[in-house]
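Here is the structure we will look at, set down as structure tokens.
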Amino acid sequence: MQANTKQKPEQQLEWIEGNVCAPKGFLASGIHAGFKRRRKDLALIYSEQLCSTASVYTQNKVKGAPLIVTQEHSANGYAQAIICNSGNANTCNANGIEIAHQVCELLGESLDVSKEDVIVASTGVIGQPLDIEPFKYGIPELVDKLDEAGDQEAAEAILTTDTDIKESAVAFEIEDTVVKIGGMSKGSGMIHPNMATMLGFVTTDAAIEPEILSMALKSVVKDTFNMISVDGDTSTNDIVTVLANAEAGNAIIDSVEHSGYAIFKEALHQVCKELAIAIAEDGEGASTLITCNVLEASTEHDAKLIAKEVISSSLVKTAVHGRDANVGRLLCAIGYSGAEFDQQSMDIYLRAENYQSICVCEAGSILSFDEEKAFEILGTDQLSIDIYLYRGQEKATAWGCDLTYDYVKINSAYRT
């Protein structure tokens with residue numbers, strides 16, 4: 001079973017502070033530019049050196065203008081800065097692409113870098129006209145405030161309905177060279193496992209070729225950001241981007257066979273996993289983080305199908321919020337997942353963070369269990385649903401949250 005604790009894989013990773021500013025050579029800032037009424041709403045991440053870059057984008061066919069521009073700019077595998085505004089998604093606007101290009105040009109001039117080396121992102125209300133003026137007035141201040149300790153301000157400036165910043169960073173060694181990876185993310189609503197479903201910005205001082213960085217990111221995303229769901233909606237704007245500036249000085253990772261690739265990928269996985277779980281835990285109106293562990297499956301594909309369907313099910317989510325141990329809803333979600341399994345050899349346990357657990361289904365049949373104990377377990381901040389298939393050695397974990405009355409309140413008035 002997988003636990004939601006920060007553990008060092010084989011004692012090789014050290015959790016550190018600083019998120020995107022933890023690796024060498026990265027500066028960040030965040031300010032209030034006027035996209036929102038009060039809170040910070042414009043963030044910048046900048047590397048003093050040109051970086052290898054890789055991104056994974058939303059699968060929604062309606063894409064925000066910043067994503068289209070970013071795909072153009074990062075096609076060569078290199079970038080040096082990321083700018084992101086919150087409060088306005090710059091999606092479905094007639095001049096959206098023009099605005100995104102202007103933002104890159106303004107920032108490029110202020111930083112004295114090529115506009116093609118700027119990655120641009122936006123998050124917020126879809127279909128709301130976006131004015132270039134807040135960028136014109138905000139970018140000089142944003143650049144002026146760049147700092148090695150600007151990570152918190154930047155992480156705050158990308159938030160929308162989030163209740164808190166989401167950050168993670170680790171240090172590890174590649175052939176006796178200390179390397180760091182740090183990241184920040186945002187996401188609370190419009191979250192569903194169909195990459196991307198949020199914003200994630202990751203930095204590293206590792207030396208790694210763009211093609212290899214892209215391979216690592218795509219592989220990691222499948223088991224982290226693609227395994228979370230809040231409400232079943234895949235956003236139009238979202239992206240996960242990694243910048244790698246080679247400041248650590250390690251021998252460049254130029255293939256998957258390189259001795260440093262495995263530990264780099266594991267560190268990237270751990271950072272992205274923490275950021276993904278933080279999004280699920282901070283789902284709009286959520287009160288309980290739901291972790292679904294599918295164990296002893298015949299294939300990883302089957303395990304993932306089941307785990308995703310369970311944490312995505314609105315009926316499961318509402319049952320958790322109501323502290324109703326309605327096992328039929330779990331079995332229903334498992335049944336329509338499309339996975340191969342034998343119902344007659346399946347057990348299901350509900351488990352609290354303190355490892356108090358109760359078996360609610362044995363050999364495919366719902367048991368007569370202690371309803372009071374189940375009620376207590378379902379009322380915890382972190383609930384695990386452990387599903388044993390007894391068909392093989394494969395496993396998968398997905399993360400979601402309960403669906404509450406507050407979710408309806410937040411989204412019924414989101415635009416106004």
Side-chain angles (χ1 to χ4, degrees), residues 19-20 28-45 57-58 60 62-67 70 82-93 96 99-100 103 119-131 134-135 138 142 151-167 183-192 194-201 225 228-241 275-286 400-401 403-404 406-416:
N19 69 64
V20 294
S29 59
I31 65 168
H32 176 249
F35 303 101
K36 295 186 292 193
R37 292 181 181 177
R38 298 182 185 86
R39 296 168 61 188
K40 291 183 177 67
D41 53 15
L42 189 61
L44 175 62
I45 302 169
Y57 304 92
T58 181
N60 194 318
V62 177
K63 287 182 170 60
L67 266 66
T70 289
I82 300 172
I83 185 169
C84 177
N85 74 280
S86 60
N88 187 312
N90 191 13
T91 299
C92 301
N93 291 331
I99 292 288
V103 171
I119 287 172
V120 59
S122 299
T123 183
V125 180
I126 295 171
Q128 179 174 298
L130 180 61
D131 197 325
F135 291 106
L142 194 66
D151 52 286
Q152 299 286 304
E153 288 75 14
E156 182 182 344
I158 66 173
L159 305 182
T160 51
T161 57
D162 309 62
T163 63
D164 202 356
I165 65 172
K166 300 165 179 64
E167 59 182 345
M184 65 185 193
S185 64
K186 65 80 54 180
S188 189
M190 291 189 80
I191 307 295
H192 189 60
N194 189 15
M195 193 69 232
T197 52
M198 26 60 64
L199 296 180
F201 303 126
F225 293 117
I228 61 174
S229 183
V230 169
D231 50 20
D233 279 300
T234 299
S235 174
T236 59
N237 276 59
D238 298 332
I239 180 176
V240 175
T241 291
L275 295 175
I277 292 174
I279 291 171
E281 191 169 17
D282 193 31
E284 289 174 338
C401 61
L403 193 57
T404 71
D406 285 340
Y407 176 85
V408 178
K409 292 179 183 178
I410 291 168
N411 283 280
S412 64
Y414 179 65
R415 188 177 65 87
T416 55

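Quick note: residue numbers are just sequence positions, from 1.
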When every non-hydrogen atom of A121 is compared with those of P66, the smallest separation belongs to CA-CB, 3.8 Å

Measure from the side-chain N and O atoms of N90 to the backbone N and O of G96, and report whether any donor-acceptor pair falls under 3.5 Å. yes

CG (L159) and CG (D164) are apart, to the nearest 0.5 Å, by 7.5 Å

Less than 4.5 Å apart, side chain to side chain, heavy atoms only: is that true for M184 and I165? no

State, to 0.1 Å, how close A276 and I228 come at their nearest heavy-atom pair, and which atoms those are. O-CG2, 3.6 Å

Looking only at heavy atoms, what is the nearest atom pair of P134 and D131, with distance? CD-O, 3.2 Å

Side chain of T160, backbone of G124: donor and acceptor closer than 3.5 Å? no

Non-hydrogen side-chain atoms of V103 and I83 separated by less than 4.5 Å: yes

Rounded to the nearest 0.5 Å, the CG atom of L142 sits from the CD1 atom of I31 at a distance of 5.0 Å

Polar side chain donor-acceptor pair, N85 to S122, under 3.5 angstrom: yes

Between S86 and K186, does any side-chain donor sit less than 3.5 Å from a side-chain acceptor? no

Closest approach of A280 to C401 (non-hydrogen atoms, all atoms of both residues): O-CB, 3.3 Å

Does the pair I239 and L199 meet the rule for a side-chain contact (heavy atoms from CB on, under 4.5 Å), with working shown? CA-CA 5 Å; I239 180 176; L199 296 180; 3.7 Å; yes

So do the side chains of F201 and I119 get within less than 4.5 Å of each other, counting heavy atoms only? no

Counting N and O atoms only, with roles assigned by atom type, does the side chain of D41 sit under 3.5 Å from a partner on the main chain of F35, one being a donor and the other an acceptor? yes

Could you tell me whether the side chain of N19 and the main chain of E167 form a donor-acceptor pair under 3.5 Å? no

Closer than 3.5 angstrom, by distance alone: can the side chain of N88 be matched with the main-chain N or O of Q128 as a donor-acceptor pair? yes

Which atom names give the shortest non-hydrogen contact between R39 and H32, and what distance separates them? O-CD2, 2.9 Å

dist I99:CD1 -> F135:CZ (nearest 0.5 Å) comes out at 7.5 Å

State the CD1-CD1 distance between I82 and I158, to the nearest 0.5 angstrom. 9.5 Å

Restricting to non-hydrogen atoms, name the atom on T70 and the atom on V120 that form the minimum distance, rounded to 0.1 Å. OG1-O, 2.7 Å

Would you check, one step at a time, whether the test side-chain contact (heavy atoms from CB on, under 4.5 Å) holds for I279 with K166? CA-CA 7 Å; I279 291 171; K166 300 165 179 64; 3.7 Å; yes

